[in-house]
Structure formats: structure tokens, C-alpha cells
Amino acid sequence: LMEALLAHGLPQDLPLIEALESADHVLFFDDTRQNAVASGFPDLGVHALIAAPIHDREGRLVGALLAHVFHPHPWSA
């Protein structure tokens, strides 16, 4: 499954996509198991996640930068 994500990107129906569409800042998840917005990632073994939205000039989400680790991790900005 991780290979498919790397090749094709994130599925549109993930709660994270909806959150990124309206986010104007980087989203930090210290423990993905504790936040519904990060649902699906614990199933991949991803337990901490950073997601930075990329919007076009009209404000549409056109991409995201992601960083992840496989254990809970306290992020710092």
C-alpha cells in the first residue's frame, strides 16, 4: 500500500485531504492514532505526520508536502 501512495498520491477521500484544502498552515500530528484527521495513516505504520498544503493562486489545493515517522513523535515548528 505504501508503494501505491508513493506512486499515485493520497486518495481524495482521506480526512487529511479535506483538512489540507482549508488549511492555511502546516498540520502537525504527534500521534496519528489520536487524531481522526490522520485516519488511515496508523494502518500504514505511520504514527507521526507533518502535512503542509500547497494551494494555487485561486486557493485550490494542488499538492502537499508530507513528512512522517513510524513512531509517535513530538514535532516542533
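Nothing here was measured: the structure is a model prediction, and the numbers come from that model. Position 1 is the first residue of the sequence; numbering continues from there. The figures here come from the full heavy-atom set of this structure, side chains too, leaving out hydrogens, waters and symmetry mates.
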When rounded to the nearest 0.5 angstrom, what is the spacing between [atom1] in [X] and [atom2] in [Y]?
{"X": "Leu20", "Y": "His55", "atom1": "CG", "atom2": "NE2", "answer": "7.0 Å"}
{"X": "Leu16", "Y": "Glu21", "atom1": "CG", "atom2": "CD", "answer": "10.0 Å"}
{"X": "Asp30", "Y": "Trp75", "atom1": "CG", "atom2": "CH2", "answer": "8.5 Å"}

Of all heavy-atom pairs between [X] and [Y], which one has the smallest distance, and what is that distance?
{"X": "Gly45", "Y": "Phe70", "value": "O-CD2, 3.0 Å"}
{"X": "Leu14", "Y": "Ser39", "value": "CD2-O, 3.9 Å"}
{"X": "Pro42", "Y": "Ala38", "value": "CD-O, 3.4 Å"}
{"X": "Leu61", "Y": "Gly63", "value": "CD1-O, 3.2 Å"}

Is any side-chain heavy atom of [X] less than 4.5 Å from a side-chain heavy atom of [Y]?
{"X": "Leu65", "Y": "Val26", "value": "no"}
{"X": "Leu49", "Y": "Phe28", "value": "no"}
{"X": "Phe41", "Y": "Asp43", "value": "no"}
{"X": "Pro72", "Y": "Arg33", "value": "yes"}

Does atom CD of Glu18 have more than 12 heavy-atom neighbours, drawn from other residues, nucleotides or ligands, at distances under 6.0 Å?
no
Co-membership, hydrophobic cluster, residues Leu66 and Leu44, 4.5 Å side-chain:
yes
Give the cluster check for Ile54 versus Ile50: same hydrophobic cluster or not, with ILVMFWY residues linked at side-chain heavy-atom distances below 4.5 Å.
no
Taking ring-ring contact (aromatic ring centres under 6.0 Å, His included) as the definition, give me every residue that meets it alongside His47, ordered by chain and number, with sequence neighbours left out.
none
